[in-house]
Number of protein chains: 4
Amino acid sequence: MRADARRNRELIVTTALGLFAEHGTAVSMEEIARTAGLGVGTLYRHFPDRQALVEEIALDTLRRLMTFSEAVTTGDGPCWQALRLVVEHCAGLPLALIRSLSPATTANPELARLERDLNALFERLAKGAQEEGTLRGDIPPGEVVGLLNVAVCRPGARADDHLTTVILDGLRR
Amino acid sequence: MRADARRNRELIVTTALGLFAEHGTAVSMEEIARTAGLGVGTLYRHFPDRQALVEEIALDTLRRLMTFSEAVTTGDGPCWQALRLVVEHCAGLPLALIRSLSPATTANPELARLERDLNALFERLAKGAQEEGTLRGDIPPGEVVGLLNVAVCRPGARADDHLTTVILDGLRR
Amino acid sequence: MRADARRNRELIVTTALGLFAEHGTAVSMEEIARTAGLGVGTLYRHFPDRQALVEEIALDTLRRLMTFSEAVTTGDGPCWQALRLVVEHCAGLPLALIRSLSPATTANPELARLERDLNALFERLAKGAQEEGTLRGDIPPGEVVGLLNVAVCRPGARADDHLTTVILDGLRR
Amino acid sequence: MRADARRNRELIVTTALGLFAEHGTAVSMEEIARTAGLGVGTLYRHFPDRQALVEEIALDTLRRLMTFSEAVTTGDGPCWQALRLVVEHCAGLPLALIRSLSPATTANPELARLERDLNALFERLAKGAQEEGTLRGDIPPGEVVGLLNVAVCRPGARADDHLTTVILDGLRR
DNA sequence: GATGAATGAGGGTTCATTCAT
DNA sequence: GATGAATGAACCCTCATTCAT
């Protein structure tokens, strides 16, 4: 893929994400293209239909989250610290938007795999934190992840809002 | 209002709520009418436009919730018990759907008032529970309500799912 | 026909005419009925469809005009005087509206007959005025009537506006 | 603008004008598109809504009239001759239709300006004709224009019909 | 007989998608 | 390859008309 094509592709994803976040999910393909400074034709050259674009936005965000999470997990610092960092990172991501864009488990297999892998990674982190004694032990790791998902995929979630804080505090031992 | 008209009005609200829950917010007015066994015209006679129908669904649900909450609060049993009942009742309601239908505080004043009143009621309950010593005292009542809102307005929330349980347990003293 | 029925019928015609004049031809049957303080059903009992109502409005107006014109013509005063009176009366009538309601010669036979008769009467008047020497003789009576029609069926025509005056002056000898 | 787009735009205006003239103002956008051999979408790409199309028709006609009038006025022949030519040209134009499409002074500023300018030009012509002694001097130029407007904006006006003739004759000295 | 609720065809408009330039 | 014009299905909504109350 030529450099400019790649740049256009990324431009489209970014623009679409921004428009969805600001003006809601109903933004038209035309407007996305126009805002990106491209013709609709170009948009459709990169994404065969709207669904494909939406999925790419989700994939793009979750891939970045995965990258971040892996980086944070790799070191051998305490799991709690990693968990906290990941949660705070999540809170800055448009996860609620992505949920609303492609509700439930989409048919897209890569998306499904990513979600599974992310949940698995979080679960490992939760388990580790419980073992190191920084996370309450009376909740099964799976449930902890569920809780965190709720906290982090809620519309308007931010890293430093009270709710994120309260939930993290509540989980801490 | 004639008896049949009232019946139709309720039928429409119920049908629309069901369709929204099952097939998403994008269901067309035509389909709502057809599913209800009515003509579109009838639907529009009862609700001047889509927005009005959506707001009525929200109002209808929140009014019932208010009625329930007041009934439960009136008795002089422990606040914790009332709070638990209300939360479990909420979990059976399509609150996430309603959120997504009329995001944030709608322009509709009655809706806004209802939301305010419900939150106030919950806050009184939380405060009461803290005073009677059944609810953790280290979280301000407003935050407790925020937490519960998140728990209860999440898509797919159910009274007996683990998350609701965990959150209630986490709040208990 | 019972007295109240007759009253309702006239009320409808008057109301409809008023609404058409004020808010344009597109006023709905519903609104006409509501403004008249009746149900649509009653309206439809009197007029089988919209067209019938529109034609009745035209008939009603033209019948009154005919009555007036005949009264004015019957006396044996000068034709010019009669013509002037009729023209001024016309200018106060919603003739432009009626034209736009039922454009050209409607299929309605009574309406067609009335228009024919009115034109004939005007032509007699014009001819008479020419014979008594008060109206320019260099325009055939039929054309005079055509001119007057234009003057009098124009939207916004009023008895005392400049155009009516100018045209009458222009025809005077 | 691409050549085919421009062609389509003109095709739409022409087609719509023809349909309005033949079948009345109520012709649907769908039918206009179909008659023009285009999809509705194309029609809406060129004109954001019905009103815009209607205004374009009016603008288009009045712009042509202005061009013609200026051309005819530029020469230094007698004003009466110019006036006669313009009036006859008008009579071939769908001015009555345009009046009924966008009644009175529309909100559209260019349309308003054009009407003003045309009236001003006619008034200059009338004044000039009075000064050269070819037009009756006993009617103020503004009124002459009013009269001509009535003659020329009447439904069914034609350059060679008796009424136009009579009015022109009546104004001649 | 009066009422107004119900009907549904039809109109204006949007927008995902295709395709000529 | 990029552009944006064209397409038409589908949506929201209106309103003349019918019919149950």
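Convention: sequence-line order gives letters A, B, ...; per-chain numbering from 1.
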From the list [options], which nucleotide is the closest neighbour of the side chain of [X]?
X      : options                  : answer
S28(C) : dA5(E), dC15(F), dT7(E)  : dC15(F)
R45(D) : dT7(F), dC15(F), dA5(F)  : dA5(F)
M29(A) : dC13(F), dG4(F), dA16(E) : dA16(E)

From [atom1] of [X] over to [atom2] of [N], roughly how many Å is that when rounded to an integer?
X      : N       : atom1 : atom2 : value
I12(B) : dT7(E)  : CD1   : C1'   : 13 Å
R7(B)  : dA20(F) : CZ    : C1'   : 12 Å
D4(D)  : dT3(F)  : CG    : P     : 17 Å
E30(D) : dA10(F) : CD    : P     : 14 Å
D49(D) : dT13(E) : CG    : P     : 5 Å
R34(B) : dG8(E)  : CZ    : P     : 12 Å
H23(C) : dC15(F) : NE2   : P     : 13 Å
F47(B) : dA5(E)  : CZ    : C1'   : 14 Å

(message) If you compare every side-chain N and O of H46(D) against the phosphate oxygens of dA6(F) (OP1, OP2), does one of them come in below 4.0 Å?
(response)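 For dA6(F), OP1 or OP2 has a side-chain N or O of H46(D) closer than 4.0 Å.
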(message) It should be established whether R50(C) places a side-chain nitrogen or oxygen under 4.0 Å from OP1 or OP2 of nucleotide dA16(F).
(response)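 So the side-chain polar atoms of R50(C) do come within 4.0 Å of the phosphate oxygens OP1 or OP2 of dA16(F), strictly under.
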(message) With nearest nucleotide decided by heavy atoms, which residue, Y44(A) or Y44(D), maps closer to the 5′ end of DNA chain E?
(response)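 It is Y44(D) whose nearest nucleotide is closer to the 5' end.
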(request) Report the residue (Q51(D) or T42(C)) whose heavy-atom-nearest nucleotide on DNA chain E is the more 5′ of the two. (result)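 It is T42(C) whose nearest nucleotide is closer to the 5' end.
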Side-chain heavy-atom pair [X], [Y] within 4.5 angstrom cut-off:
X       : Y       : value
F47(A)  : V54(A)  : no
L118(D) : E115(D) : no
N8(A)   : L43(A)  : no
L62(A)  : L95(A)  : yes

(message) Stem list for DNA chain E, please, built from Watson-Crick and G-U wobble pairs under 3.5 Å and keeping only runs of at least 3.
(response)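 Counting only runs of 3 or more consecutive pairs, the stems involving DNA chain E are E:2-21 with F:2-21.
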(request) Check each of T67(D), T61(D), D60(D) against R64(D) using the side chain to side chain donor-acceptor pair (under 3.5 Å) test, and report the only one that passes. (result)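 Running side chain to side chain donor-acceptor pair (under 3.5 Å) over T67(D), T61(D), D60(D) with R64(D) returns exactly one hit, D60(D).
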(request) Quickly, which of E56(B), R113(B), E55(B) forms a side chain to side chain donor-acceptor pair (under 3.5 Å) with N108(B)? Name it, please. (result)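 By the side chain to side chain donor-acceptor pair (under 3.5 Å) criterion, N108(B) pairs with just one of E56(B), R113(B), E55(B): E55(B).
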(request) For V40(D) and for G39(A), find the nucleotide of DNA chain F with the closest heavy atom, then tell me which residue's nucleotide is more 5'. (result)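 Its nearest nucleotide lies further toward 5', so the answer is G39(A).
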(message) Need to verify one output field. Residue with the more 5' nearest nucleotide on DNA chain F, L43(A) or A26(B)?
(response)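 Between the two, 5'-proximity favours L43(A).
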(message) To the closest 0.5 Å, what do you measure between OG (S100(A)) and CZ (R99(B))?
(response)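 So the OG of S100(A) and the CZ of R99(B) are separated by 14.5 Å.
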